[in-house]
Amino acid sequence: MPATVHVRELTADDLDAAWELGRFAFGSDPQRPAPASAPVPGLTRYGAFDDSGRLVGKAVDLHHDQWWSGRAVPAADVAGVAVAPEARGRGVARALLAGLLRGAHERGAAISTLYPTVAAPYRACGWESAGVLRTVDLATAALPRHRPASHLTVRAGTTADLAAVDALYEKVARHRDGMLTRRGELFDATDRGLPGDGVTLVEADGELVGYATWQRGRGYGADSVLTVDEALAVTTEAARELVGVLGSWASVAPTLRLCPLDGDAVSIQLPLESAREHERDLWMHRPVDVALAVSARGWPAHARGVVDFGLTDPLAEWNAGTWRLAVAEGAAELTRVDGEADLRLEVRGFALLYAGAARARSVAQAGLLHGAGDPAALDLLGVGGPTQLLDYF
């Protein structure tokens with residue numbers, strides 16, 4: 001393949017070739033869907049082309065927002081990355097991701113995340129492993145039984161309840177780190193129907209206090225599985241009610257499959273000590289614009305301090321340089337300063353700290369933080385706590 005790779009946004013004329021590239025990469029159904037000609041709101045498709053004009057790589061920037069400690073941070077979430085087999089190992093993916101980052105920076109994204117099939121190529125471009133989307137299986141019969149509470153109403157949801165479901169999701173998600181806001185053009189453009197096969201609601205005095213969305217699956221024998229896409233509650237009583245309803249499936253669905261959120265109202269009701277891991281999806285993070293990533297997110301009210309550090313980012317040169325981080329009163333700011341700092345951070349180390357995935361001394365031991373200064377000073381960047389995830393993209 002020629003050394004030159006040309007990266008640009010895909011047009012409608014490129015979509016057939018992009019679909020074919022994705023089919024080979026991901027083993028999709030060879031039955032081609034109806035061609036899409038109109039742009040999809042809330043996403044940008046990128047392609048890498050060789051000198052002959054052949055598409056040799058593709059990737060999608062999903063224009064998500066993510067909750068980070070109470071504030072919505074604009075993100076460029078990466079999906080659908082594929083490179084033609086003849087072009088692999090020749091810098092196509094790097095050029096493609098560099099172009100995606102540049103475009104994301106221009107449109108105002110602050111951070112980027114992705115779920116990799118293999119981590120190494122993304123590490124080479126500045127993303128680092130910072131979380132896991134975990135799916136577990138539980139014996140449905142092991143769920144604790146609960147006498148229905150007389151002051152709560154349990155009923156099946158309808159499409160008229162979707163706004164209330166969205167509002168409750170936001171109550172749970174907004175004060176965590178890394179969860180999608182489920183707002184914006186990409187979500188608004190989706191035809192909203194009831195998710196899965198059913199929605200179970202728990203209400204108190206007409207107000208939604210818990211919900212579960214689920215898929216029944218097939219059969220009713222020993223291998224039958226009830227898949228719970230989400231089970232969220234904002235009170236202990238509502239969580240117990242939901243768990244009781246889910247446990248009632250034991251006679252026809254011996255296995256319950258769900259993604260637990262650490263420490264939330266529903267998870268603390270579950271016998272997670274007996275859970276069997278069904279699937280683990282690695283989640284990787286990197287900054288698109290470090291200054292915006294810091295200023296846009298929420299910060300713990302108790303955090304306060306100032307630290308200078310140098311940052312290297314070979315793929316996003318606008319992030320490189322010497323920065324001063326100042327945190328106070330639930331907000332933070334990065335400003336450029338002259339000279340060299342005692343601490344020098346690589347962009348993957350920034351990702352680990354920002355996402356609460358590691359302490360600064362661990363980042364230094366991993367070779368991503370250098371210098372004569374005390375590494376612990378950069379714990380100030382990682383005070384937000386670990387990420388929690390519910391959405392795969």
Side-chain angles (χ1 to χ4, degrees), residues 29 132-169 172-173 179 182 190-204 206-281 388-393:
D29 190 327
V132 173
L133 176 62
R134 185 168 58 109
T135 307
V136 302
D137 287 349
L138 290 165
T140 312
L143 268 60
R145 298 301 178 185
H146 172 62
R147 184 183 298 276
S150 59
H151 69 289
L152 296 178
T153 300
V154 180
R155 65 176 178 87
T158 70
T159 53
D161 299 306
L162 290 178
V165 168
D166 289 345
L168 190 141
Y169 167 83
V172 174
M179 295 178 66
R182 300 183 184 169
T190 303
D191 292 333
R192 293 291 304 276
L194 284 176
D197 293 328
V199 180
T200 298
L201 306 181
V202 181
E203 296 173 323
E207 179 183 354
L208 186 66
V209 289
Y211 73 87
T213 63
W214 44 268
Q215 300 179 55
R216 170 62 181 89
R218 302 184 64 177
Y220 56 90
D223 58 350
S224 180
V225 177
L226 178 72
T227 299
V228 178
D229 297 311
E230 291 176 13
L232 302 177
V234 292
T235 69
T236 300
E237 294 81 3
R240 288 175 178 159
E241 204 78 21
L242 282 177
V243 171
V245 172
L246 296 175
S248 73
W249 287 91
S251 63
V252 292
T255 298
L256 182 76
R257 182 167 294 157
L258 80 166
C259 297
L261 276 180
D262 292 341
D264 85 311
V266 173
S267 291
I268 65 172
Q269 309 296 330
L270 300 175
L272 292 174
E273 72 280 0
S274 62
R276 304 183 307 277
E277 190 167 274
H278 172 70
E279 195 169 23
R280 286 172 62 89
D281 292 298
Q388 296 198 317
L389 311 169
L390 269 184
D391 290 288
Y392 184 86
F393 48 81

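- Closest non-hydrogen pair, Arg216 versus Asp197, comes out as N-OD2, 2.7 Å.
- Checked by atom type and distance alone, the side chain of Thr227 never pairs as donor or acceptor with a backbone atom of Arg257 at under 3.5 Å.
- Proximity of Val234 to Val172: side-chain heavy atoms (C-beta onward) are separated by under 4.5 Å at one or more points.
- The number of heavy atoms from other shown groups lying within 6.0 Å of CZ (Arg145) is above 12.
- Closest non-hydrogen pair, Ala253 versus Val225, comes out as CB-C, 4.4 Å.
- Leu232 is listed as a side-chain neighbour of Tyr169, based on a closest heavy-atom distance under 4.5 Å.
- Across Pro271 and Ala142, no two heavy atoms sit closer than the pair CG-O, 3.7 Å.
- For the atom pair CG (Leu143) and CD (Gln269), the distance works out to 10.0 Å, reported to the nearest 0.5 Å.
- Listed here is the closest heavy atom pair of Cys259 and Leu133: SG-CD1, 4.2 Å.
- For Tyr220, the OH atom sits in a loose shell: 12 or fewer heavy atoms of surrounding residues, nucleotides or ligands are nearer than 6.0 Å.
- The distance from atom CG of Leu246 to atom CG of Leu270, rounded to the nearest 0.5 Å, is 8.0 Å.
- Looking only at distances, no side-chain donor or acceptor of Thr255 sits under 3.5 Å from a matching main-chain atom of Asp137.
- Checking each of Ile268, Val266, Leu390 against Leu261 for a side chain to side chain contact (heavy atoms under 4.5 Å, CB included) leaves exactly one that passes, namely Leu390.
- We find the OH-CG distance between Tyr211 and Leu162 to be 10.5 Å, quoted to the nearest 0.5 Å.
- Of the inter-residue distances, the one linking Leu138 atom CG with Glu273 atom CD reads 8.5 Å to the nearest 0.5 angstrom.
- For Ser267 (side chain) and Asp262 (main-chain N/O), no donor-acceptor pair under 3.5 Å exists by modelled atom type.
- Rounding to the nearest 0.5 Å places CD of Glu230 at 6.5 Å from CG of Asp391.
- Distance CG/Asp264 to CD/Gln388: 7.5 Å, rounded to 0.5 Å.
- Counting heavy atoms of neighbouring residues, nucleotides and ligands inside a 6.0 Å radius, atom CD of Glu207 does not exceed 12 of them.
- A 4.5 Å side-chain heavy-atom check between Leu389 and Asp281 finds every atom pair outside the cut-off.
- Side-chain atoms of Thr153 and Val202, non-hydrogen and from C-beta on, never get closer than 4.5 Å to each other.
- Side-chain contact check for Leu168 versus Val165: every heavy-atom pair is 4.5 Å or farther apart.
- Nearest heavy-atom pair across Thr200 and Val245 is CG2-CG1, 4.1 Å.
- The shortest non-hydrogen separation linking Glu203 to Leu208 is CG-CA, 4.1 Å.
- A side-chain donor-acceptor contact under 3.5 Å links Ser224 to the backbone of Val252.
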